[in-house]
There are 2 protein chains.
Amino acid sequence: MKQENRKDEIIHTATKLFKKKGYSAVTMRDIAKSMGIKAASLYNHINSKQEILTNIIISLAEEFTDEMNNILKSDLNSIDKLKEIISLHVKITSENTNGMASLNNDWMHLEEKLDYYLSLRHKYEEDFREIINEGISKKEISNSNSEIMLFSMLSTLRSLYLWTPNQKDINELANSLSDVLINGVKI
Amino acid sequence: MKQENRKDEIIHTATKLFKKKGYSAVTMRDIAKSMGIKAASLYNHINSKQEILTNIIISLAEEFTDEMNNILKSDLNSIDKLKEIISLHVKITSENTNGMASLNNDWMHLEEKLDYYLSLRHKYEEDFREIINEGISKKEISNSNSEIMLFSMLSTLRSLYLWTPNQKDINELANSLSDVLINGVKI
DNA sequence: TTACGAAACTAACAACCGTTAGTTTAGATT
DNA sequence: AATCTAAACTAACGGTTGTTAGTTTCGTAA
């Protein structure tokens with residue numbers, strides 16, 4: 001029986017390095033060195049470099065999928081659903097800032113799980129789109145450029161990992177972000 | 001005398017590959033194969049893989065810097081300056097969509113030019129911030145969360161390379177984007 | 001005390017990396 | 001026809017890659 005603890009340490013260390021340089025530029029020797037052991041020792045706990053990446057990305061993607069399902073099923077109005085999505089991104093990003101870098105930048109290096117990842121991603125975007133379009137038809141959201149709204153919000157939320165490390169109060173961040181994304185910057 | 005044409009072809013080919021897999025995952029043999037030649041032949045035209053990346057990133061970064069300078073010096077009001085910045089990103093991204101991927105994701109692999117790149121990037125963000133803060137003090141921009149406004153707009157604009165390929169009318173895109181970023185999504 | 005097992009180690013592998021050296025090809029210039 | 005040159009080629013280099021095999025270490029259970 002493997003101790004799950006050590007495996008998690010490896011993944012945690014790898015995640016930090018992947019954020020700095022990207023999956024392809026990080027070697028097994030880099031990961032090992034940063035833990036004070038030799039590269040071969042990593043294989044007592046994991047099966048491959050690829051497995052580390054898959055573990056990082058798929059767990060995050062599934063977390064987003066699950067929570068999006070809950071938001072969709074809720075009876076909130078469209079604007080409040082958007083606020084929930086924003087809070088979801090702030091929460092997950094603050095809990096695993098480094099992992100979000102891999103989710104955003106290294107997903108194309110997934111192998112066996114690439115198609116599965118792409119299906120989760122596609123479904124997530126479809127659900128997000130549906131919330132916006134529902135808001136437009138219910139006159140809760142401005143009737144223009146739903147695709148641009150979707151991509152503007154999604155782009156900002158996906159970039160959160162680049163600057164949440166500096167953030168202190170997570171709820172305050174979610175509220176401020178909701179304010180800007182929903183109301184814009186004009187006075 | 002080297003023919004600049006062939007060098008540009010190499011950079012153009014490399015840029016496409018860098019967008020798909022990232023700088024580190026693309027090999028000189030990949031670039032050569034995609035041009036129908038051998039890797040060694042690339043060195044008749046370029047000095048190193050690093051030179052290709054530097055060429056892609058620095059030329060884009062300097063273009064942003066120059067145009068930001070013009071916007072800063074103009075006598076537009078704050079909102080119109082923001083609209084000019086949005087147009088600038090749409091224009092550069094539509095002209096070199098693939099290169100923008102490297103600018104966003106591969107800048108950390110710059111070597112000699114890394115510090116120079118970081119200084120341009122820092123200056124650009126400072127100028128952007130100044131425009132927002134000026135707008136707030138002139139009561140043209142909402143008095144709240146200037147940092148979040150900055151990062152929200154910048155995140156969206158930096159992600160443009162992910163979806164402008166599908167876009168047809170560039171001016172229409174800039175206008176719609178301005179609408180969403182400045183006025184938000186609420187009705 | 002002995003035996004066990006998790007987790008480290010050393011050594012090595014085949015493949016691939018960026019790059020260099022020297023050579024061949026073929027079209028343009030003299 | 002002879003010469004030159006840009007741009008391709010083949011071959012190879014020293015180093016690095018992910019990974020495997022077999023061995024050692026050492027705390028815990030029997």
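Predicted model only: the values in this text are computed from it and were never measured. To find a chain, count down the sequence lines: A is the first, B the second, and so on, and within it residues start at 1.
Residue pairs meeting the ring pair (Phe, Tyr, Trp, His ring centres under 6.0 Å) criterion with at least one partner in residues 69-96 of chain B, sequence neighbours excluded, are B:F64-B:H89, B:H89-B:Y124. Among pairs with a residue in residues 166-187 of chain B, none fulfils ring pair (Phe, Tyr, Trp, His ring centres under 6.0 Å), at least two apart in sequence or across chains. Sorted by first then second residue, the side-chain hydrogen bond (donor to acceptor under 3.5 Å, both in side chains) pairs that include residues 92-102 of chain B, not counting sequence neighbours, number zero. Annotation: salt bridge (charged side-chain N to carboxylate O under 4.0 Å, His left out) contacts involving residues 69-93 of chain B, sequence neighbours excluded, comprise B:K81-B:E134.
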Return a table of donor-acceptor pairs under 3.5 angstrom between the side chains of residues 30-39 of chain A and protein atoms on other chains or two or more places apart.
| unit_1 | atom_1 | unit_2 | atom_2 | d |
| --- | --- | --- | --- | --- |
| A:D30 | OD1 | A:T27 | OG1 | 3.4 |
| A:D30 | OD2 | A:T27 | N | 3.0 |
| A:D30 | OD2 | A:T27 | OG1 | 3.3 |

Contact pattern, 5' to 3', of nucleotides 17-23 of chain D - B, S or - by protein heavy atom under 4.0 Å: BBBBB--
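When the P atom of C:dA6 is taken as reference, atom NZ of A:K7 falls 15 Å away, rounded to whole Å. Nucleotide D:dA6 holds its P atom 15 Å from the CD1 atom of B:I10, rounded to whole Å. At whole-Å resolution of the value, CE in B:M35 and P in D:dA7 are 11 Å apart. What separates CD1 of B:I52 from C1' of C:dT19 is a distance of 12 Å, to the nearest Å. Following rounding to the nearest Å, B:K38 (NZ) and D:dA8 (P) show an atom-to-atom distance of 13 Å.
Looking at A:I141, A:L76, A:I71, A:L181 one by one, the single match for side chain to side chain contact (heavy atoms under 4.5 Å, CB included) with A:L82 turns out to be A:I141.
In the helix from C:dT1-D:dA30 to C:dT30-D:dA1, the end axes, each obtained as the rotation axis mapping the C1' atoms of four pairs onto the next four within a five-pair block, lie 0° apart to the nearest 10 degrees.
Considering only residues two or more places apart in sequence or on other chains, B:D127 meets the salt bridge (Lys or Arg N to Asp or Glu O under 4.0 Å) condition with B:K123. For A:F151, the ring-ring contact (aromatic ring centres under 6.0 Å, His included) partners two or more places apart in sequence, or in a different chain, are B:W163. The side chain to side chain contact (heavy atoms under 4.5 Å, CB included) search around B:K186 returns A:I79, A:I182, A:N183, not counting sequence neighbours. Residues meeting the ring-ring contact (aromatic ring centres under 6.0 Å, His included) test with B:Y23, sequence neighbours left out: B:F18, B:H109.
For A:H45, no side-chain nitrogen or oxygen approaches OP1 or OP2 of C:dA6 to under 4.0 Å. Distances shown here put every side-chain N or O of B:S41 at or beyond 4.0 Å from the OP1 or OP2 atom of D:dA7.
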Taking only nitrogen or oxygen atoms into account, show me every contact under 3.5 Å that the protein makes with nucleotides 23-29 of chain C, one pair per line with its distance.
none

